[in-house]
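Reviewing the structure listed below.
All of these numbers come straight from a predicted model, not from anything done at the bench. By convention here, the first residue in the shown sequence is residue 1. Indexing begins at 1, ligand by ligand and atom by atom, following the structure's order.
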Amino acid sequence: MISSKVQDILNIQINKEFYSAYLYLAMSAYFEEIGLNGFANWTKVQAKEEVDHGIILFDYIIARDGVVKLEQINSPDRDFKGVLQVFEKILEHEKFVTDSINCVASMSEDECDLATRHFINWYISEQVEEEANTRDVITKLKMFGDDKASLYHLDQDLAKRTYVPHSYKI
Ligand code: OFO
């Protein structure tokens, strides 16, 4: 059984993960529109991972005999102006999600819920990886500036990302 405070914050986190999936899908559509299929692939794969993040939380609440409460998912931001700006938005968003995950960790400690505190470590590591991957792309984009050939090669590179379902053994 989980406390109502932990249950609420986990349900809010489910919504944030599905919003993240929406946001990445909106970005993927934008990249398709401007002909960057590799960037479109990278963001679409990320959208699928975000759905996994939401479902792992869903399964965890049920495993703890809690109640899943699914709320409305907001429309994603669609104000996209170029590749670098989109990746800066991704980094900003992932920092927001990291703060949110840290709040789940902190709340589970306050509630003496060591199972949730342990469970959320998986998300803490995932956030480190997501921020690092995004920073890596930003660094490359800043390095080559307006050079179209380099953008083409990076696009080819990001086209190789494949979706591997994320799972967590509860
Ligand atoms: Fe679920 O990690 Fe990104 O948002």
Side-chain angles (χ1 to χ4, degrees), residues 2 6-32 36 38-64 66 68-80 83-109 113 115-141 154 157-170:
I2 44 179
V6 171
Q7 178 176 286
D8 287 350
I9 203 166
L10 290 173
N11 273 306
I12 290 168
Q13 192 61 39
I14 289 179
N15 190 275
K16 287 177 181 166
E17 300 295 344
F18 282 104
Y19 174 79
S20 297
Y22 252 33
L23 180 62
Y24 281 109
L25 276 180
M27 290 168 170
S28 182
Y30 169 71
F31 286 132
E32 291 285 0
L36 291 172
F39 282 88
N41 172 66
W42 193 94
T43 42
K44 194 196 271 179
V45 169
Q46 187 59 41
K48 291 177 184 174
E49 289 196 5
E50 299 298 349
V51 171
D52 288 343
H53 295 171
I55 289 176
I56 291 167
L57 285 157
F58 174 100
D59 289 341
Y60 178 75
I61 294 174
I62 290 173
R64 295 292 310 280
V68 169
K69 294 175 190 161
L70 299 176
E71 300 293 345
Q72 181 176 327
I73 302 165
N74 289 335
S75 296
D77 181 2
R78 280 194 210 90
D79 179 28
F80 304 135
V83 186
L84 179 59
Q85 185 247 21
V86 172
F87 269 78
E88 282 170 340
K89 274 181 188 274
I90 292 176
L91 186 56
E92 188 188 337
H93 177 71
E94 288 304 340
K95 285 181 176 172
F96 160 76
V97 174
T98 298
D99 286 348
S100 172
I101 292 290
N102 288 340
C103 288
V104 176
S106 164
M107 169 74 75
S108 51
E109 275 174 19
D113 182 347
T116 302
R117 181 64 192 86
H118 174 73
F119 164 75
I120 213 66
N121 277 342
W122 185 86
Y123 285 81
I124 292 172
S125 305
E126 193 70 8
Q127 285 309 119
V128 171
E129 189 188 316
E130 289 190 5
E131 286 191 26
N133 291 343
T134 308
R135 266 194 214 96
D136 186 50
V137 176
I138 290 174
T139 303
K140 288 180 179 136
L141 289 169
L154 182 56
D157 220 29
L158 299 186
K160 294 179 194 142
R161 183 178 186 188
T162 53
Y163 168 64
V164 179
H166 276 45
S167 59
Y168 179 90
K169 178 116 182 56
I170 292 169

Legend entry - Set of side chain to side chain contact (heavy atoms under 4.5 Å, CB included) partners for Ile9, sequence neighbours left out: Cys103, Val104, Met107

Inset, instruction - For Phe96, enumerate each residue passing the side chain to side chain contact (heavy atoms under 4.5 Å, CB included) test, keeping only those at least two apart in sequence or located in another chain. - result: Lys16, His93

Inset, instruction - Sort by chain and number the protein N/O/S atoms found under 2.8 Å from atom 1 (Fe) of ligand 1. - result: Glu17 OE1, Glu50 OE1, His53 ND1

Legend entry - N/O donor-acceptor pair under 3.5 Å between Asp77 side chain and Leu23 backbone: no

Inset, instruction - Determine whether the aromatic ring centres of Trp122 and Tyr60 lie less than 6.0 Å apart. - result: no

Legend entry - Greater than 12 external heavy atoms within 6.0 Å of Tyr168's OH: yes

What pairs of donor and acceptor atoms, side-chain ones from residues 24-31 against any protein atom, are under 3.5 angstrom apart with sequence neighbours left out?
from: Tyr24; atom 1: OH; to: Glu94; atom 2: OE2; distance (Å): 2.7
from: Ser28; atom 1: OG; to: Ala40; atom 2: O; distance (Å): 2.8
from: Tyr30; atom 1: OH; to: Gly82; atom 2: N; distance (Å): 2.7

